[in-house]
Amino acid sequence: MKLDVTQVLNGRLDTLPFSYRFSPKTADLPEDAVELPEDLEIPEDGILVEGEIYSVGGYLRLTAQVTAEYIVPCARCLDPIRETMEFDMERTIRSGAAVEMTFSDDDEEWDGVLEDVLYLSDSHVCADADILEQIVLELPMVSLCSDDCEGLCPHCGKKIADGCGCAAKEAAKKTIDPRMAKLQTLLDQMKAEEAGESGEEN
C-alpha cells in the first residue's frame with residue numbers, strides 16, 4: 001500500500017500513524033521484488049501492518065509491527081499448517097535521488113544498495129516489498145504439524161498416522177508360511193550338519 005507522507009514532509013504533522021492489511025495478491029510490488037516460496041500461502045488480507053512515519057534529524061523514519069498469517073505444508077506428511085508470525089521493522093525513508101557514498105578503504109566498494117531504506121515516489125512510500133521479503137526471512141527452516149509426525153509411507157504414499165497397513169504387509173511377507181515351516185526346519189538342520197562336518201575335517 002502506498003502511504004502519502006505529504007503532511008509530514010511539509011511539517012503539518014510530526015507523526016503519521018497508519019494501519020492496513022494486504023496480501024501478496026494485493027501488494028504494490030516492483031518488478032524485482034523477492035519471489036515467495038511456491039509452497040507458502042498467505043490468505044487474503046492476511047498481513048496486518050501497524051506503525052507510524054515520523055521526522056527525525058532531517059530524515060523520515062518508518063516503524064511498523066507486522067502480523068502475518070500463513071500456511072505451509074508439514075515437512076513430513078505435507079498436511080497444511082496454519083501459523084502466525086510477528087516481527088518489527090524499521091526503515092529510513094529517502095528521496096528517489098541517487099545516493100553518493102565514499103569509502104576510505106580502497107579495497108571496499110559500494111554497490112549502490114542501501115539496506116533498510118525506502119524511497120519516496122511522488123510523496124508516497126510503500127513498504128509492501130520489504131515486508132514480504134522479511135516474511136520469507138522469518139519463515140522457519142522446517143515446519144512440522146507435530147513433533148512426533150511419522151510422515152508418509154514410502155510404499156503407498158499415504159500418511160502413516162492414518163494406518164496405511166503397509167508395515168503389517170511387509171511383516172507378513174517376512175513371516176514363513178506354516179506349510180513351509182517343516183522344509184525350513186530341514187534346511188536349517190542340513191546347514192547345521194554341513195557346518196559340523198566341515199568343523200570335524202578341520
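Since the model is a prediction, treat every value here as computed from it, not as a measurement. Quick note: residue numbers are just sequence positions, from 1.
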Side-chain touch R76/L152, heavy atoms, less than 4.5 angstrom = no

task = Assess whether atom CG of D14 is packed by more than 12 heavy atoms of other residues, nucleotides or ligands within 6.0 Å.
result = no

query = Does a salt bridge link R61 with E90, judged by any charged N lying under 4.0 Å from a carboxylate O?
reply = yes

inquiry  = Just so I know, are the side chains of T15 and I53 near enough to count as touching, which here means a heavy-atom distance under 4.5 Å?
reply    = no

key: Nearest atoms (heavy-atom pairs only) where P24 meets L132   = CG-CD2, 4.1 Å

task = Would you mind reporting whether T84 and T67 have side-chain heavy atoms less than 4.5 Å apart?
result = yes

query = If you round to the nearest 0.5 Å, how far is CZ of R94 from CG of L120?
reply = 10.5 Å

query = With distance as the sole test, does N10 use its side chain to make a donor-acceptor pair with the main-chain N or O of R12 at under 3.5 Å?
reply = yes

ask   = Does a side-chain heavy-atom distance below 4.5 Å link L139 with M85?
value = yes

ask   = Given the rule in the side-chain contact (heavy atoms from CB on, under 4.5 Å) test, do C145 and C77 qualify, once you have shown the distances and angles that lead to the verdict?
value = CA-CA 8 Å; C145 59; C77 70; 3.7 Å; yes

request  = Measure the spacing between CD1 of I71 and CG of L40 and express it to the nearest 0.5 Å.
outcome  = 9.0 Å

task = Report yes if some heavy atom in the side chain of F22 is under 4.5 Å from a heavy atom in the side chain of V49; otherwise report no.
result = yes

remark   = Rounded to the nearest 0.5 Å, the CD atom of E69 sits from the CD atom of E83 at a distance of 11.5 Å

message = Within this structure, what is the CZ-CG distance for the pair F18 and L3, rounded to the nearest 0.5 Å?
response = 5.5 Å

Check: M89 and D130 side chains under 4.5 Å, non-hydrogen atoms = yes

request  = Under the side-chain contact (heavy atoms from CB on, under 4.5 Å) rule, what do I42 and I47 come out as? Steps first, then yes or no, please.
outcome  = CA-CA 8 Å; I42 297 178; I47 304 171; 3.9 Å; yes

request  = Please examine the side chains of V66 and L48, heavy atoms only from C-beta on, and report whether any two atoms are closer than 4.5 Å.
outcome  = no

query = Which atoms form the tightest heavy-atom contact between S23 and G46, and what is the distance?
reply = CB-N, 4.4 Å

query = When hydrophobic residues are tied together by side-chain contacts of less than 4.5 Å, even through go-betweens, does L16 share a cluster with Y54?
reply = no

Closest non-hydrogen atom pair, M1 against D28 = N-CB, 4.3 Å

Considering all heavy atoms, the nearest A33-L29 contact = CB-CB, 4.0 Å

query = Cluster question for you: counting only ILVMFWY and a side-chain heavy-atom cut-off of under 4.5 Å, with indirect links fine, are I131 and V34 together?
reply = no

query = If you look at every heavy atom in S123 and L9, which pair is closest and at what distance?
reply = OG-CD1, 3.9 Å

query = How many angstroms lie between atom CZ of R91 and atom CG of L60, to the nearest 0.5 angstrom?
reply = 15.0 Å

ask   = When rounded to the nearest 0.5 angstrom, what is the spacing between CG in D45 and CZ in R21?
value = 7.0 Å

Smallest separation among heavy atoms of L118 and C126, with atom names = CD2-O, 3.8 Å

ask   = What about L36 and I135, same hydrophobic cluster or not, with Ile/Leu/Val/Met/Phe/Trp/Tyr joined at side-chain heavy-atom distances under 4.5 Å?
value = yes

task = Identify, with sequence neighbours excluded, every residue that meets salt bridge (Lys or Arg N to Asp or Glu O under 4.0 Å) alongside D79.
result = K159

ask   = Is there a donor-acceptor contact under 3.5 Å from the side chain of H155 to the main chain of C153?
value = no

message = Evaluate Y20 against D128 for side chain to side chain donor-acceptor pair (under 3.5 Å), listing each step before the verdict.
response = CA-CA 11 Å; Y20 67 94; D128 292 0; 3.0 Å; yes

query = Just wondering, more than 12 heavy atoms not from E44 lying within 6.0 Å of its CD?
reply = no

request  = Could you check if a side-chain atom of F87 sits within less than 4.5 angstrom of a side-chain atom of Q134, using non-hydrogen atoms only?
outcome  = yes

